[in-house]
Amino acid sequence: MKMTGAQIICESLVKEGVEVIFGLPGGAVIPLYDALPQYPQLRHVLVRHEQGAAHAADGYARATGEVGVCFATSGPGATNLVTGIANACLDSIPVVAITGQVASPFIGKDAFQEVDTTGITLPITKHNYLVLDVGSLARVIKEAFHLARTGRPGPVLIDVPRDVFIDRAEFCYPSEVNLPGYKPTLKGHPPQIKKAAKLLNEAQRPLIIAGRGVTISRAYAELRELAETAQIPVVTTLLGIGCFPGSHRLSFGWLGMHGMAYANMAVDAADAIIAVGMRFDDRATAKVSAFAPHAKVVHIDIDPAEIGKNVRVDVPIVGDVTLVLKELNKLISPAEHTDWVRQLDAWRKERPSTIKDSQGLLPQFAIRQIYEVTQGEAVVVTGVGQHQMWTAQHYCCDRPNSLISSGGLGAMGFGLPAAIGAKIGRPNSTVWCVDGDGSFQMTIQELATIAQERVAVKIAIINNGYLGMVRQWQELFYERRYVATPLSGPDFVKIAEAYGLPALRVKHKEEVVPAIKQAVEEEGPFLIDFVVEPEENVYPMVPPGAALSEVMEAPGKEVAT
Ligand SMILES: Cc1ncc(C[n+]2csc(CCOP(=O)(O)OP(=O)(O)O)c2C)c(N)n1
């Protein structure tokens with residue numbers, strides 16, 4: 001039977017198991033939207049800005065492990081998606097974005113709302129398509145989903161001219177993809193795995209660095225087996241948080257600029273490092289030439305382009321983390337590494353992640369109480385800045401995908417829409433958005449999406465009246481010249497109420513727990529504006545350009561020895 005391009009897209013999305021689409025219509029995509037009512041199994045969530053659609057699709061993908069989908073119109077709709085697509089690209093998140101384009105006879109004529117969407121998104125997508133023939137739509141969608149979710153996941157964009165939505169073709173959804181140039185290596189090379197096992201079996205001070213690749217590959221059991229068999233301590237990257245239980249005896253926090261001092265010290269002292277599904281981002285390694293100076297490095301990654309890109313690697317293994325670890329575990333000898341684990345325990349005791357006593361309301365205290373009240377069971381989504389780092393430090397995650405945060409791009413504005421996506425993907429989980437007052441104001445309009453779609457997200461604004469992380473750098477490295485960082489905002493409680501959401505303001509420590517409890521008990525969404533100490537800094541901190549071993553602790557913080 002012949003179908004329109006719009007129907008073919010919807011049929012194909014249903015075949016791919018899509019349940020939710022985040023988007024906002026416009027002229028070029030009206031024919032696509034017009035087909036949606038024929039497919040009640042596809043829920044469309046109307047956002048207020050397309051950046052929100054891309055971030056919500058990203059949050060949905062992270063929370064569920066499925067592909068997130070977003071729609072936008074041509075021109076400004078497509079350009080508004082760009083930040084969200086770049087964010088998904090840098091963090092390897094499977095997203096399929098479908099954009100309308102001007103009708104094909106108008107392409108290249110600077111037509112109304114025409115931009116070169118595939119040109120603009122080429123460097124920030126895993127792949128993109130401009131579909132000029134309705135007959136190829138089904139194949140393209142099949143390929144797009146395959147590319148987005150296999151190998152190293154990432155965003156794929158499909159640009160569809162208006163006439164292609166309307167043209168008709170026979171619909172036949174392909175059962176297979178045929179992409180001769182795309183065959184991700186899944187099985188690791190056996191001699192390399194043998195070399196890695198030998199290196200780890202002979203090491204005195206081995207360390208695992210686990211990244212998001214563990215979560216993508218769902219290699220939780222294999223990672224745990226490796227750690228427990230040979231008693232190898234585990235540190236994670238920021239995006240790896242939760243892929244190994246944070247409360248496990250062998251878990252030593254996360255590394256990098258604001259990671260735990262003991263995690264960074266472990267990297268500095270290790271004699272063998274096995275980096276699993278991580279990419280040695282500069283926020284994680286700090287000064288690359290001083291990274292892990294005593295260690296031989298094994299690197300497992302599905303993307304060969306990551307091997308040796310930033311850090312010298314002794315044993316590279318290209319492959320899927322689960323499959324590689326399964327083979328590696330067969331060759332790992334049981335070991336104790338008692339002295340090494342004891343050393344790490346001692347460093348953790350010397351430099352614990354405690355919160356100082358204060359009369360005032362500290363941001364870390366508010367975040368810690370969210371952890372206590374939710375007993376670590378919530379999915380927490382953050383904005384970008386100090387509050388993001390405090391959340392990663394003080395909300396201990398035992399489960400994967402329970403901390404959702406913009407890592408590679410560090411995109412302020414991610415929090416609220418990503419939390420919407422996460423809550424829609426995981427309706428039975430409590431989802432908290434811990435946001436900064438600056439980050440929140442970048443996508444504040446998505447409060448209307450929450451209200452219209454009745455998304456029960458709990459929002460905690462860590463309101464310090466500054467673009468806090470930038471202010472911190474100005475304080476520490478620019479002699480306190482606070483240029484363009486003092487930040488006013490609206491009355492967030494009134495704003496929430498104007499959108500129809502209940503809200504509270506909290507200024508004192510003793511109000512924190514009752515407010516969080518009230519938010520949790522409320523069935524729907526709830527917003528708390530935590531007015532916190534304005535000039536609190538994030539510590540520990542590895543100053544820009546310094547090595548991981550050069551960790552700055554909070555001034556006056558005693559290091560117990
Ligand atoms: C879109 C975007 N613009 C600018 C920045 C640079 N930046 C990083 S953190 C930060 C401050 C964030 O302020 P806020 O959201 O209030 O969080 P806080 O640091 O105060 O917790 C800024 C401006 C960014 N990361 N993203």
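Bear in mind the structure is a predicted one, so any value in this text is a computation, not a measurement. Just follow the structure's listing: the first ligand is 1, and inside any ligand the first atom is 1.
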So, Y482 and R471: side-chain donor and acceptor under 3.5 Å apart, yes or no?
-> yes
Scan side-chain atoms only and decide if E533 and S358 contain a donor-acceptor pair under the 3.5 Å cut-off.
-> no
Would you check whether I462 reaches within less than 4.0 Å of ligand 1, judged by its heavy atoms?
-> no
Report yes or no: does a heavy atom of G410 sit under 4.0 Å from some atom of ligand 1?
-> yes
Looking at [X], which atoms of ligand 1 are within less than 4.0 Å of one of its heavy atoms?
X: V470; result: 7 (N), 10 (C), 22 (C), 23 (C)
X: G438; result: 14 (P), 15 (O), 16 (O)
X: V384; result: 9 (S), 12 (C), 15 (O), 17 (O), 25 (N)
X: N464; result: 20 (O)
X: L467; result: 11 (C), 13 (O)
X: G385; result: 9 (S), 19 (O)
X: M469; result: 9 (S), 19 (O)
X: S439; result: 14 (P), 15 (O)

How are the rings of F244 and H248 set to each other: parallel, tilted or perpendicular (split at 30° and 60°)?
-> tilted
For the residue pair Y395 and Y371, categorise the inter-ring angle as parallel (less than 30°), tilted (30 to 60°) or perpendicular (more than 60°).
-> perpendicular
So, is G468 polar-close to ligand 1, with some N/O to N/O distance under 3.5 Å?
-> yes
Electrostatic pair K494:E497 at N-O distance under 4.0 angstrom = no
Of all the non-hydrogen atoms in the protein, which one sits nearest to atom 17 (O) of ligand 1, and at what distance?
-> H387 ND1, 3.2 Å
Do me a favour and list the nearest non-hydrogen protein atom to atom 4 (C) of ligand 1 with residue, atom name and distance?
-> M412 SD, 3.6 Å
Option passing side-chain contact (heavy atoms from CB on, under 4.5 Å) with F414 (candidates V381, T83, T382) = V381
Within-4.5 Å side-chain heavy-atom neighbours: E446 and H55 = no
Using a 4.5 Å cut-off on heavy atoms from C-beta on, say whether the side chain of I462 contacts that of V434.
-> yes
N128 and side chain to side chain donor-acceptor pair (under 3.5 Å): which partner among T99, T117, T121, T118?
-> T121
Contact partition for F440 relative to ligand 1, non-hydrogen atoms under 4.0 Å = neither
